[in-house]
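Everything below concerns the one structure shown next.
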Amino acid sequence: MAILHLKAKPNARRNQLLAAPDGTVTVRLQAPAQDGKANICLLAYLAELFGIAKSSVELLSGHTAPYKKVALHDVSEIDLQTVLQQYNTD
């Protein structure tokens with residue numbers, strides 16, 4: 001299981017993951033930040049990116065805050081770093 005710390009930015013034009021060289025991860029989401037829509041969108045988007053089931057992605061903290069902690073249950077730490085490397089914004 002890998003843990004991902006990120007900042008979510010709702011109301012974007014499209015879903016997008018940005019990994020900065022300093023290790024910070026930002027996820028832009030199309031969904032608005034109301035009624036949990038952005039959180040649902042975030043979990044579905046991460047499941048798609050990592051090729052895992054939606055049920056394998058769990059929001060651990062940050063339900064109402066922009067900074068979130070997400071558990072990726074079927075993803076190793078190596079796989080996490082490999083995927084983040086593909087979205088590096090350096």
Side-chain angles (χ1 to χ4, degrees):
M1 176 176 80
I3 303 292
L4 179 61
H5 296 267
L6 59 90
K7 180 177 183 182
K9 291 188 171 185
N11 298 317
R13 287 189 180 159
R14 62 187 171 100
N15 293 334
Q16 183 179 23
L17 186 137
L18 305 166
D22 66 358
T24 59
V25 177
T26 303
V27 180
R28 295 180 180 160
L29 302 165
Q30 287 181 314
Q34 64 187 33
D35 301 325
K37 291 178 185 173
N39 288 339
I40 293 167
C41 180
L42 171 67
L43 299 180
Y45 181 59
L46 290 176
E48 179 185 323
L49 282 181
F50 288 93
I52 58 177
K54 290 180 193 176
S55 60
S56 296
V57 184
E58 179 184 2
L59 184 59
L60 299 176
S61 65
H63 292 76
T64 59
Y67 292 96
K68 301 183 183 296
K69 183 176 174 182
V70 179
L72 303 166
H73 291 287
D74 295 332
V75 177
S76 70
E77 193 63 38
I78 294 169
D79 293 338
L80 173 67
Q81 295 306 320
T82 302
V83 170
L84 291 180
Q85 193 66 35
Q86 295 173 12
Y87 295 93
N88 204 320
T89 59
D90 55 354

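Everything quoted here is computed from the prediction, not taken from an experiment.
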Roughly how far, to the nearest 0.5 Å, is CD of Q16 from CG of L49?
-> 10.5 Å
Nearest non-hydrogen partners of P10 and A33, listed with the distance = CG-CB, 3.5 Å
Distance-only donor-acceptor check, side chains Q81 and Q85, under 3.5 Å | no
Side-chain contact, heavy-atom cut-off 4.5 Å: I52 with H73?
-> no
Over all atoms of both residues, closest heavy-atom pair of H5 and V25 = O-CB, 3.8 Å
Does D74 reach the side chain of F50, with side-chain heavy atoms less than 4.5 Å apart?
-> no
Any link between L59 and V57 through a network of hydrophobic side chains (Ile, Leu, Val, Met, Phe, Trp, Tyr) touching at under 4.5 Å?
-> yes
For the residue pair L80 and V75, what are the closest heavy atoms and their distance?
-> N-CG1, 3.7 Å
Does some side-chain heavy atom of Q30 sit less than 4.5 Å from a side-chain heavy atom of R14?
-> yes
Output yes when a side-chain donor or acceptor of K54 lies under 3.5 Å from a complementary backbone atom of A44, and no otherwise.
-> no
Is the closest side-chain heavy-atom distance between V83 and L17 below 4.5 Å?
-> no
Does any non-hydrogen side-chain atom of P21 lie less than 4.5 Å from one of N88?
-> yes
On a heavy-atom basis, the closest approach of K37 and A31 is O-CB, 3.6 Å
T24 versus K7: any side-chain heavy-atom pair under 4.5 Å?
-> no
Kindly indicate whether the side chain of K69, heavy atoms from C-beta on, has any atom under 4.5 Å from the side chain of I3.
-> yes
Mind checking whether L60 and M1 sit in one hydrophobic cluster, side chains of I, L, V, M, F, W, Y counted as touching below 4.5 Å?
-> yes
Please lay out, stage by stage, how L29 and N39 fare under the test side chain to side chain contact (heavy atoms under 4.5 Å, CB included).
-> CA-CA 9 Å; L29 302 165; N39 288 339; over 6 Å; no
When you look at L72 and D79, which way does the side chain to side chain contact (heavy atoms under 4.5 Å, CB included) test go after all the steps?
-> CA-CA 10 Å; L72 303 166; D79 293 338; over 6 Å; no
Closest non-hydrogen atom pair between N11 and P32, with its separation = OD1-CA, 3.2 Å
Measure the spacing between NE2 of H63 and NZ of K68 and express it to the nearest 0.5 Å.
-> 8.0 Å
Which distance, rounded to the nearest 0.5 Å, do you find between the OG of S56 and the CG of L43?
-> 11.5 Å
